[in-house]
Structure formats: structure tokens, C-alpha cells
Amino acid sequence: MIDKDLQIAVSEALKSLYNIEVAAESVALQKTKKEFVGDYTIVVFPFVKQARKSPEAVANELGAAVKASMPQVADFNVIKGFLNFLICDDYWKSFTDSIANDSTIGLKKVDTNAAPVVIEYSSPNTNKPLHLGHIRNNLLGWSVAQLLTANGRNVKKVNLVNDRGIHICKSMLAWLRYGNGETPESSGMKGDHLVGKYYVEFDKHYKEEIRELIDKGMEEEQAKKEAPLMVEAQKMLKRWEEGDKEIRDLWEKMNGWVYAGFDETYKKMGVGFDKIYYESNTYLLGKELVQKGLDMGVLFRKEDGSVWCDLTDAGLDQKLLLRKDGTSVYMTQDLGTALLRHNDFGADQLIYVVGNEQDYHFQVLKIILGRLGFDWADKVYHLSYGMVELPNGKMKSREGTVVDADDLIEEMEKTAEEMCRERGKNDEMTAEEQKELYHILALGALKYFILKVDPTKTMLFNPAESIDFNGNTGPFIQYTYARIRSIVRKAVGEKGLDLTAKCDNVAMNEKEREVIKMLHDMPAVVEQAAASYSPAMIANFTFDLAKAFNSFYQDTPILRETDSNRMLFLVQLCAAVSNSIKNMMWILGIEVPERM
RNA sequence: GGCCCCGUAGCUCAGCUGGAUAGAGCAACUGCCUUCUAAGCAGUAGGUCCUGCGUUCGAAUCGCAGCAGGGUCACCA
């Protein structure tokens, strides 16, 4: 690649001209800004002191030396301390030739024998339906998995379903008390929503009980513990843990409803997993590790029998690992599942897509794994993402201020349908094709909206404004793709163009060159995005590419080009852009339509 | 209170390891469809990059202090 060659040439020139040692890869090469002439820029300020010359002189000498050693450098210019290189069109042309028919452009081949990177995401509770926060988790998890795959990593996606615990018992208890045998079939409700309804129901009655107890003069703290519903739920959890058949049957029945509901939503979102873990199978793991930790002396037991890890020397608190009754907590389980996962896959890396509210948890997890002697502790990576906030703050299930995942998707599909009908471009499609298109556009808009934001940042969603379909959006990119495909179809079908033919040299204009340069840049963007686990970088790059293409499209008639060789060049460029868009959107988990 | 994250246009967001006159989209206003899909293109307007100090040839970017917002410090997960 030309950028690497330039770095080497600059490094060598610095050495021979001024005896300055700079490793080629640390030569700061940047793309020349739009308002200046050139393709790549070197800032020479860092070298002027050692060179003992003015910035202009250094830039001119450096430019001349590099130009002399590299035939691809057509020219250079100097503005203040900035040295701009101009690359000759032959280079861009031959680069275009090399990608014209590459359908996997931007994607590296996966080595399936390599030790895998295991990425956990989604990890839902089975007592409430998915909301917008979960959507961000799922889309991020899926997309980061795709992104790493695009970089040749062998990726395994896993889900750890939180299917047991006191919260599940609350839903079960409420269903027994107030449900009258209601089922998804009898109510017509999606299973996860039905169970979620009873979780809310529990909370409602529980609060009533607390209030009554407080009215009778009990302290709030005590009331929360002694409210009959809570006591009952605790009993149920105990019976569950003892394997009581009646409870287990009910639990299986209600979880079954939830899974059916989740599967539907996962399918709509287009996400999936290689392996699903259930906490009911893994919650006892980790206890052995605690024993090992005690033997090693990295954990200690308090007088009441509870087991702790002292992290005060790391600037943190003491962390509980076993309750005084010997039962395990979240951290204990996570230690166990980490080891299980490491052993199951022989993983090279363990990624957890979990909200930043759990930053502390994962910090502690890594430290304890390390102290337990696992050298792979530093391969645990917490992909910590920000919350989705509403205009009036955080989403809270209990206050009913959540944006339900299924509702949102349905709403998006309706909007997509309206948009399409307004334009009337797809009237000749079958009803089935139209429905498919609405879904692709709806999910494209939603996914892009979520993924274009830096994962680490909190983002805002305003339910009052619908998600856009114009501008910096998924449908904008999908539209660009559809238009390109239309051109390529016509070129091949009506004009009989052979896309695989060899194209002779052509004159290219600035807009074409701009698009080619972006494609040239794409591999570096994909690498950078993977290194920072950021689908947002892919999203923003793809938007810029689509914009650059549209600008080119606007003032270059392609199918009416009279020079057949130039038309071949233009259509090959179109094909390369469409393949690029398709592959970048694949990383984001977004489908692209052939027409819209 | 301890620790962590964050503050860029009216709104939503870019701005990679410091580099040229801080960029998009939405909203507002102008133009452009007898020509490859106008979900588009071209343009106008909009900024104390939270504040202050420091580091340096150079700071939205790095450091310190302050202000504002959020998260977290459970024998919950």
C-alpha cells in the first residue's frame, strides 16, 4: 500500500538527509485535508530542530527526496510546515483494477483453527421483555462479533441467560396468585411480555403490603423483608433450589414462554449465538474456586463464615464471595463461568458486552481471577457500553419508562412502510417482497441509529421523534446501495458490459479519485475499528463513503458515457463501492436491498 | 464522601496515538427532477470545543484544579 511505502520513504529520507532516526511505522502520515492540494501529508515540525533548518526548507528537501525515490509520487507542495504529496492517477487506477471484482473487499479470511475469541452479549433476565437498552447490547454484541470476524478472528458468540433467582420466583408467585391460568395462547400475548406483566404485578402488590405494614408502625427496612409476598417468594426460591417438582415444572413452563418470546425478538433483530448458557446450570460453579482461593490464602473467611477477597491493597474494597450460609453471589458465579468458558473454548480472549454500570464488577473479576493464578485473567475484556437515556433520564422498568423492543421494531416497520408508499417506487413488488423491504429498512434505520454512536458513550433516544430515514442514517446508505445496484444491473443487462474485462487507462476526476481513496483507506478503518471494538467507526466511514459516492453519482452520467472503456471503469468503480457498502453493513448487521 | 465515565452548533453526534481555517446529520432558509432511483445533490446561516491554569513550535485532543451531569461503592444480579 502506498501509505506504508511513503512512511518508509520518509523515514529513509530523514536518515540520509539529516541523520534522524524515525521508524517507518511511527512516521505520522495523514490524509491531506480537502482544502489543500495533495493526497497524503507529513507534518515536518517534529524534525526541524534536529535538522537545524526552517520548516519550509525541511519540507522541500524531504519532498524532493521522496519524490525521487517513489515513481508513484507525482508531485509535492509545501505550505508552512506541511508537506503534501500528490499520488499519480496510475496508482489509483491499478488499485481500482485490483478491487473491481472483489466481493469480499474489506473482509479478511477467518482462520477457523485459531484459538477463538468468545464474546458474551445479550444475557437477558427471563422475567422481563427486552427494551431499548437490551437492543443496544444485542446490536453491539452482534456487530463487534462481525467486526472481529471481518478481521480474521475466530469468533464464538455466547449468551448467558439469567433464568433463576428471586426475581423469577416473583413472577411465578404473582402468576399463581393473580394469573387465573393465563397463558400466551389464552391471552394472545407474547410469552416474555406475559411473564413481564406478572413481574410488574408482583411489585404492585408487594408495595401495597409494605405500605400496610408501615401504616401499622413497622420500619420500612423490616417491612420490605417481612411482607408476606416477599417471604413467600423466598420460600419458593428455597423450594426451587431443593428441586421441588411442582416449582420446577412451573418454572420450566414460564421460562419456556419467555424463550419463545425472546427467540422471536432475536430473530427480528437478526442476532444469534453459537452457545447458550443457563445460569440455572452454572450458578453453583465458582464455589470450588473459592475453596482454592482459601487454600492459596488469597481469600479469607470472616467469623460468621462468609468468605471475602481483600482488595484494599488495590485501592478497592473487600468483596464478598460466599454468604455466611455458604451460598454464592454474582461474583462467585462469574468466576466459575469465566473458567468454564475458557475451558469450553480454549479461548484466546473473553469479551463481555455489559453496560458500564458494571465497570466495578469486572474490574474486581479480573483482579480476583489473576490472584487465583489464572494467567488468562488479562484476556478478559469488559466491553463497557453506555446507557440509552430518554429525554427525562434513565429508563426504569418499574416506572414504566421503558421503550419496549418489540414495540419499537413494529413502529419502525410501520414508518418504513409509510415512507415507501409515499414514494411509490415499489408498487410492482409482491406484497411479500414489500414486507421484506420494510423490515430491512426499519432494522437498517434502527441499527444504524444505535451503532453510529461510540459504544462507550451514553446516548439519547427521544420517543417523541421517530428515527430518521434521511441524512446520516441506515436507509440513506441502503438507498445509495440500491441505486448503485440499479446501475450495475443495467450496465450488464442492457449494455452488455463485462465487469471482469480489463480496463485501460482513463482520465479520472476529483470526485472519482475521492471515492477510490476512501476504498483504499477501508482496510485501515476496519482494523482500527476492531482494535477499539467500535462499530461506530464502521458506520461513520460507510456514511462518508456513501456521501462521496452520491456526490460523484450526481454529476457523472455513467450509463450515458460514450467512451466504452471509461464506462467500464466507472461501472467497475460502482461495483467496488457497492461491494464495500454491503460488506461494511454486514459488519453492522444491516442488510442492503437490491431496490427500494 | 471514595472510585469511574462524561461536557463540541438550537437538537443528535463525528473529530484515531497532539497538527493547517473544528466537521456531519436533523431543524431553518436558497437553488436542482423531459437525463442512471430527489430516501439524492449543491449552497446559506449557525461555535467562548464547560471554565481557568499548565505542558509545547502547536491543544477540542495531554496534565492539574474547578463547575455541571451520570454511574458505582448490597450477604441483588
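Each chain gets a letter, A, B and so on, in the order the sequences are listed, and its residues count up from 1.
Residue A/Thr456 is out of contact with every strand shown, counting any heavy-atom pair closer than 4.0 Å. If you check every strand for non-hydrogen atoms under 4.0 Å, A/Phe543 touches sugar and phosphate atoms only. Using a 4.0 Å heavy-atom distance criterion, A/Lys324 is classed as a base contact. Among the heavy atoms of the strands lying under 4.0 Å from A/Leu441 is at least one base atom, whether or not backbone atoms are also near. Across all strands, A/Pro55 comes closer than 4.0 Å to no nucleic acid atom at all (heavy-atom distances). Among the heavy atoms of the strands lying under 4.0 Å from A/Val43 is at least one base atom, whether or not backbone atoms are also near.
Of all nucleotides listed (B/A39, B/A14, B/A77), B/A77 comes nearest to the side chain of A/Gln358. Here the side chain of A/Lys33 is nearest to one of B/A20, B/C75, B/A39, namely B/A20.
Here, B/C76 and B/U17 have their C1' atoms 40 Å apart, quoted to the whole Å. Using P as the reference atom, B/C64 and B/U44 are 41 Å apart when rounded to the nearest Å. Comparing B/C49 with B/G15, their C1' atoms sit 11 Å apart, to the nearest whole Å. B/A42 and B/C53 have their C1' atoms separated by 45 Å, given to the nearest Å.
Contact between A/Ile590 and A/Gly444 at its shortest, heavy atoms only, is CG2-CA, 3.7 Å.
Glycosidic conformation at B/C33 (O4'-C1'-N9-C4 for purines, O4'-C1'-N1-C2 for pyrimidines): syn, within 90° of 0.
Stacking of A/Phe45 onto the six-membered ring of B/G19 is present: less than 5.5 angstrom between centres, less than 30° between planes. No aromatic stack links A/Phe476 and the base of B/G40, using centre distance under 5.5 Å and interplanar angle under 30°. Both thresholds, 5.5 Å between centres and 30° between ring planes, are met by A/Phe82 relative to the base of B/A20, so the two rings are stacked.
Aromatic ring pairs are classed by plane angle as parallel below 30°, tilted from 30° to 60° and perpendicular above 60°; the pair A/Tyr352 and A/Phe362 is tilted.
Put simply, A/Lys34 has no side-chain N or O that comes within less than 4.0 Å of OP1 or OP2 on B/A20. Between A/Arg483 and the phosphate of B/A39, there is no side-chain N or O to OP1/OP2 separation shorter than 4.0 Å.
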side-chain hydrogen bond (donor to acceptor under 3.5 Å, both in side chains) between A/Tyr40 and A/Gln7: does it pass, once the steps are laid out? CA-CA 10 Å; A/Tyr40 293 97; A/Gln7 285 177 308; over 6 Å; no
